[in-house]
Amino acid sequence: MLLVSTSKIDSVAQLLTVILLFVVVLGATWLTTRYVAGVQKGKMKGSNFEVIDTFRLTQNKYVQILRIGKKYMAVAICKDTVTVLRELDESEIVFHDSDLSKKAVSFEDIFNKAKDFTDNKTKKSIEESDEDDITKDS
């Protein structure tokens, strides 16, 4: 009987150790990702290169509009090659202001919008079923 309780304690200790190691690795991964993203963002901030728009043609072929210094270029990007299609004037490019770039969207905002949408759909379906019941009763 003593052997059974000792093996249970060992099993629980092993489980807790694995969970603790998982949390530590997950935290280290999160910190590393945040650090690398910050470094990359800092490098790109003062850069003369900017991707304005990307259009996917096939799985590994894209057309991109790039800003290089003060010039705009349309380029085709394939698996092994990059081809300049033509230089563009700034007047030929339509810039789209993204709401995401203007304001950081929190998970809470997205969750509340989804919750409101679901609540409104539920209310609408309940109202429709009530109207169906009323017309059936008449």
Between Leu15 and Ile19, is there a side-chain heavy-atom distance shorter than 4.5 Å? yes
Answer with yes or no whether the hydrophobic clustering places Val51 together with Phe49; edges join I, L, V, M, F, W, Y residues whose side-chain heavy atoms lie under 4.5 Å apart. yes
Please round to the nearest 0.5 Å and tell me the distance separating atom CD1 of Ile110 and atom NZ of Lys113. 7.5 Å
Do you know which two heavy atoms are closest between Leu66 and Ile52, and how far apart they sit? C-CG1, 4.3 Å
Applying the 4.5 Å side-chain criterion to the ILVMFWY set and letting contacts propagate, would Ile9 and Val12 be lumped into a single cluster? no
Between OG1 of Thr32 and CH2 of Trp30, what distance do you get to the nearest 0.5 Å? 10.5 Å
Minimum heavy-atom separation for Val84 and Met73, please, with both atom names. CG1-CE, 3.7 Å
How would you list all residue pairs meeting salt bridge (charged side-chain N to carboxylate O under 4.0 Å, His left out) that involve residues 59-71, not counting sequence neighbours? Glu50-Arg67
Pair listing, side-chain hydrogen bond (donor to acceptor under 3.5 Å, both in side chains) test, anchored in residues 74-91, at least two apart: Arg86-Glu92
Under 4.5 Å between side-chain heavy atoms, counting indirect links through other Ile/Leu/Val/Met/Phe/Trp/Tyr residues: same cluster for Phe55 and Tyr72 or not? no
Given the rule that I, L, V, M, F, W and Y join up when any side-chain heavy atoms are under 4.5 Å apart, are Ile68 and Ile77 in one cluster? yes
